[in-house]
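For reference, the structure discussed in these notes is given below.
What's counted below: heavy atoms across the whole structure, side chains too, no hydrogens, waters or symmetry copies. Everything quoted here is computed from the prediction, not taken from an experiment.
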Amino acid sequence: GTIAQNTADTAMMRMSLVTGSGTAEWTAITVTKNGTLADSGVSTVKVYLDANANNTFEPGSDTLVSPANNTFTAGAVNITLSAAQTINTTPKVYFIVYSLAQFPTPGDTIGAEVTSNAHLTVTSPDVVATTNFPLASTNATVTDVADTLTVTPTALSPGSVQQSADYATQKLSLAVN
């Protein structure tokens with residue numbers, strides 16, 4: 001897939017969490033950035049709960065369960081959830097969500113990965129099973145957004161001219177976006 005520069009709140013990964021029995025308190029996650037995009041190309045990384053359990057990320061109705069200001073450092077981000085999430089025998093779906101910076105490099109790729117069960121933190125004595133790790137999204141390619149070139153003319157015409165001389169008659173100021 002693709003993701004445009006300056007795109008806010010794009011679900012990069014969907015995770016379904018469930019216990020075999022009883023409950024577990026999930027408190028933190030470490031997400032690794034895959035692909036060629038620099039850390040600075042992602043402005044924020046967030047975790048949302050699928051509030052209506054439809055398996056589709058909807059930023060207006062799903063619940064943000066992490067701080068909204070997490071960023072990558074050296075290709076990874078450690079996110080402590082805003083409040084512990086109680087996981088039980090009924091699956092709950094969570095989304096890892098990226099917002100891209102204004103001008104990441106078009107053509108670069110970006111993805112998300114939770115490399116091992118050690119990167120999901122639950123309160124003791126509970127543990128995370130090693131099944132299904134690593135969890136990884138497919139990489140998306142960053143696309144360029146249309147830029148707008150604005151041209152502002154300024155007249156520079158002299159009051160009088162002489163034959164065979166060069167004169168500036170217009171000054172053009174150019175600006176993008």
Taking only residues at least two apart or on different chains, which pairs with a member in [range] satisfy salt bridge (Lys or Arg N to Asp or Glu O under 4.0 Å)?
{"range": "residues 32-54", "result": "Asp9-Lys46, Lys33-Asp39"}
{"range": "residues 91-100", "result": "none"}
{"range": "residues 68-91", "result": "none"}
{"range": "residues 153-165", "result": "none"}

Worksheet entry | Shortest non-hydrogen contact from Ala101 toward Ser40 |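 Heavy-atom minimum between the residues: CB-O, 3.4 Å.
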Worksheet item: Minimum heavy-atom separation for Asn55 to Arg14, with atom names?
Response: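 For Asn55 and Arg14, the tightest heavy-atom pair comes out as O-NH1, 3.1 Å.
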Using side-chain contact (heavy atoms from CB on, under 4.5 Å) as the criterion, list what pairs up with [X], not counting sequence neighbours.
{"X": "Ala8", "answer": "Ser99"}
{"X": "Ser173", "answer": "Thr152, Lys171"}
{"X": "Thr89", "answer": "Thr19"}

Treat each ILVMFWY residue as a node, draw an edge where side-chain heavy atoms are under 4.5 Å apart, and state whether [X] and [Y] are in one component.
{"X": "Val47", "Y": "Val93", "answer": "no"}
{"X": "Val97", "Y": "Trp26", "answer": "no"}
{"X": "Val122", "Y": "Ile29", "answer": "yes"}
{"X": "Met13", "Y": "Leu49", "answer": "yes"}

Worksheet entry | Gap separating the CD1 atom of Ile96 from the OG1 atom of Thr32, nearest 0.5 angstrom |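 Atom-to-atom, Ile96:CD1 and Thr32:OG1 are 11.0 Å apart.
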Fill in: Spacing of CD1 belonging to Ile3 relative to CD1 belonging to Ile110, to within rounding of 0.5 Å
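With rounding to 0.5 Å, CD1 (Ile3) is 8.0 Å from CD1 (Ile110).
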Worksheet item: Can Asn34 and Glu113 be said to form a side chain to side chain contact (heavy atoms under 4.5 Å, CB included), step by step?
Response: CA-CA 7 Å; Asn34 285 343; Glu113 183 172 8; 3.1 Å; yes
Fill in: Neighbour count >12 (heavy atoms, 6.0 Å) for atom CD, Gln170
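Yes.
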Discussion item. Testing the 3.5 Å rule here: is there a donor-acceptor pair between the side chains of Gln102 and Asn6?
Written reply: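 No - no donor-acceptor pair under 3.5 Å links their side chains.
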Worksheet entry | Listed partners of Phe57 passing ring-ring contact (aromatic ring centres under 6.0 Å, His included), at least two apart |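 With neighbours one apart ignored, the set is Tyr48, Phe95.
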Worksheet entry | Partner residues of Ser116 under the side-chain hydrogen bond (donor to acceptor under 3.5 Å, both in side chains) criterion, sequence neighbours left out |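 None.
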Could you tabulate the donor-acceptor pairs under 3.5 Å formed by side-chain atoms of residues 70-87, not counting sequence neighbours?
residue, atom, partner, partner atom, Å
Asn70, ND2, Val45, O, 3.0
Asn70, ND2, Pro67, O, 2.8
Asn78, OD1, Thr30, OG1, 2.7
Gln85, OE1, Tyr94, OH, 3.0
Gln85, NE2, Ala83, O, 3.2
Thr86, OG1, Glu25, OE1, 3.2
Thr86, OG1, Glu25, OE2, 2.8

Result block: side-chain N/O donor-acceptor pairs under 3.5 angstrom for residues 125-145, not counting sequence neighbours:
residue, atom, partner, partner atom, Å
Ser137, OG, Ala112, N, 2.8
Ser137, OG, Ala112, O, 3.4
Asn139, OD1, Gly111, N, 3.4

Worksheet item: Which residues, ordered by chain and number, are linked to Leu172 in its hydrophobic cluster, where ILVMFWY side chains connect at heavy-atom gaps below 4.5 Å, directly or through other members?
Response: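 Direct or chained contacts put Leu172 with Leu149, Val151, Leu174, Val176.
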